[in-house]
Amino acid sequence: MHLYVIAAHLAGLLTVASAKDSRTFAVNHFYGKGPLTEGRMDPIISPGAASSHVHAIQGGSNFNLTMETNTLLDSSCTSSLVEADKSNYWTPTLYFQDHTNGSFISVPMFYMNVYYFFEPTDDEIKAFPVGLRMVSGNNSVRTPPPGGAANVLDTSEGTIQPVQWTCPRTSYDTPSYPPNSDGLHGVGIQDPNNLGAGAGFPDMNCDGYASPLRADIHFPSCYNPEAGLDAYEDNMVFPSSKGTTAGKANCPKGWIHLPHLFYEVYWNTPLFVDMWEQGQGSQPFILANGDRTGYSLHGDFIAGWDEDVLQKIINNCNAGDSGMDKCADAGTINNSADSCNIPNLIPEKIHGDLEKLPGNNPPTGWGVAASSSSSEPASAETTTSVPSASKTETETATTTTAQASATKTSNASWSYLGCYSDNVSNRALTGVQFANLGIGKVTSTGCMKYCSNAGFSLAGTEYAGQCFCGNKMESSSKIGAGKCNMKCEGDASQICGGSAALSVYEKATTA
Ligand SMILES: *[C@@H]1O[C@H](CO)[C@@H](O)[C@H](O)[C@H]1NC(C)=O
Ligand SMILES: *[C@@H]1O[C@H](CO)[C@@H](O)[C@H](O)[C@H]1NC(C)=O
Ligand SMILES: *[C@@H]1O[C@H](CO)[C@@H](O)[C@H](O)[C@H]1NC(C)=O
Ligand SMILES: *[C@@H]1O[C@H](CO)[C@@H](O)[C@H](O)[C@H]1NC(C)=O
Ligand SMILES: *[C@@H]1O[C@H](CO)[C@@H](O)[C@H](O)[C@H]1NC(C)=O
Ligand SMILES: *[C@@H]1O[C@H](CO)[C@@H](O)[C@H](O)[C@H]1NC(C)=O
């Protein structure tokens, strides 16, 4: 052994191993026609079976319903430009739900990037061990992050908040999220530090140049070898800056510091811009798991790297946005004109116009009574419920169409007050906003019944499919009857307000 090698080796033992003072990074780019594959496949959460919802998957072609530790290394191709990366990366896909007929239309993936961040730390950053499984985000969540929309990626800074939606726009003059949004009534909440991002879906079209609505998912970077490669529920934590010099974050003792992965998945939402009205406090996109809120965004990873190649990239490459394929040590780079794809292993229709989401996931989320309302309607869906194929959405809109007329809909206990203005950033009825009658099921009679059960005396429907309850009208005035001109999504023989216009009904005091 040469002397300098011994010296370097000794230095490694005597000093803190290769501390990093500033972030370096390299983006992993994919190539080809669409992702590697799409379908109800998830070998981490649902090994050997159909997954509950559709995912878009990138990476090595040996992706399968069941995978062993080394399965990916033998992949015959990979959708990653760097041939040495046969890892798999996946997230739920996105659908558009049409508010007039309730059908679901698949939103094509635009493209995906995976950032490999090598963050400042006193630890030595190591390559992903082959077969490592990780999941970030929570499929069951339908409520906004308790600490707000901003990311929290350091365990010493509070509860981890790893997922966001980014909405790149040419102008933020009208914010992507209503400024007063509490995230519980049809639209998410703004990241206070970033106009372009938030938790949950925004209610504006994302028209940034070549950058539509984007799912953002950060992964933890500290691996506990004692938990093991397969223990995705507890083998990883985010690093902590506690007790470190400024800007650095370290892993717990005995854990291994890995690269910080960050998925960006762009969805081609501008294709649908003419099919919905922006800035109305609601939006039409829904995750494949039935989540209308976007809070349940999550990502999965199985490592299939040639560890030597990745270690060299970690140690020597800071190619940044120009891409990992530009790193001197990246090895063979695939031809971006090729494509690496495998079939959907759960053959079924997942694209185009669908009556139900694949896996029959009912739409869930939003429609929770505002905290100001004393009585939560018994029929309101619990926001934390896990969607499952067998569970059907709570249905409250049993409509009585017999006595409905096309202009107004009243019965014995309710009367029609008229068409009233509604200001999206300053609602007229604030008791319950966006009452959950089931998507595509809103009717004026159903809204009256819902508000009655919830203890309110006023009910209002708007924009064909929205229901509001309250006890008094605020900042609103009567407007021309013709402004309330939209047929109810749940019953075309009834009228459900219009754009910024509420069909308002009042409950008789002696009913
Ligand atoms: C998935 O696994 C099955 C069973 O081992 C095998 O027959 C099939 O070829 C695999 N599919 C892919 C795409 O690797
Ligand atoms: C890389 O691209 C070549 C063709 O350019 C293809 O033959 C090969 O299968 C690809 N390798 C991987 C691992 O994708
Ligand atoms: C629902 O409406 C959308 C938009 O108008 C349309 O593209 C789609 O084909 C319709 N689906 C059905 C089943 O009518
Ligand atoms: C995921 O969210 C659900 C619903 O809020 C919660 O009950 C569960 O504990 C969460 N799971 C994890 C691993 O945090
Ligand atoms: C809606 O309310 C906001 C906030 O109170 C106000 O600034 C805006 O002018 C109102 N818009 C209309 C059309 O009345
Ligand atoms: C209207 O009247 C019927 C019976 O008369 C009742 O079942 C229903 O709940 C009432 N309210 C609404 C909103 O339909």
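Bear in mind the structure is a predicted one, so any value in this text is a computation, not a measurement. Order of appearance sets the numbers: ligands from 1, and atoms from 1 within every ligand.
Short contacts between ligand 3 and Met275, defined as distances under 4.0 Å to a heavy atom of the residue, involve ligand atoms 4 (C). In summary, the atoms of ligand 3 found under 4.0 Å from a heavy atom of Asp353, numbered by their order in the structure, are 8 (C), 9 (O), 10 (C), 11 (N), 12 (C), 13 (C). Atoms of ligand 4 lying under 4.0 Å from any heavy atom of Asn138, numbered from 1 in the order shown and given with element: 1 (C), 2 (O), 3 (C), 8 (C), 10 (C), 11 (N), 12 (C), 14 (O).
Residue contacts with ligand 3: Asn101 is placed with a nitrogen or oxygen under 3.5 Å of a nitrogen or oxygen of the ligand (distance criterion only). Considering both main-chain and side-chain atoms, Ser140 never comes within under 3.5 Å of ligand 4 through any nitrogen or oxygen pair.
With contacts defined as side-chain heavy-atom distances shorter than 4.5 Å, the pair Val141/His298 does not qualify.
Here the side chain of Glu489 pairs no donor or acceptor atom with the backbone of Thr100 at under 3.5 angstrom. Using modelled atom types, one side-chain atom of Asp203 and one backbone atom of Gly281 make a donor-acceptor pair closer than 3.5 Å.
Judged purely by distance below 3.5 Å, without hydrogens or angles, the side chains of Ser444 and Ser503 never pair a donor atom with an acceptor atom.
Across Trp90, Phe128, Tyr232, a single residue satisfies ring pair (Phe, Tyr, Trp, His ring centres under 6.0 Å) together with Phe301, and that is Phe128.
Between atom SG of residue Cys488 and atom CD of residue Gln494 there is a gap of 5.0 Å, rounded to the nearest 0.5 Å. Distance check: Tyr450 OH to Phe468 CZ gives 12.0 Å after rounding to the nearest 0.5 Å.
Sorted by first and then second residue, the side-chain hydrogen bond (donor to acceptor under 3.5 Å, both in side chains) pairs with a member in residues 59-68 read Ser61-Ser76; sequence neighbours excluded.
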For ligand 1, output the ligand-protein N/O contacts shorter than 3.5 angstrom; if there are none, return none.
residue, atom, partner, partner atom, Å
ligand 1, 2 (O), Asn64, OD1, 3.4
ligand 1, 2 (O), Asn64, ND2, 2.3
ligand 1, 11 (N), Asn64, ND2, 2.9
ligand 1, 14 (O), Asn64, ND2, 3.4

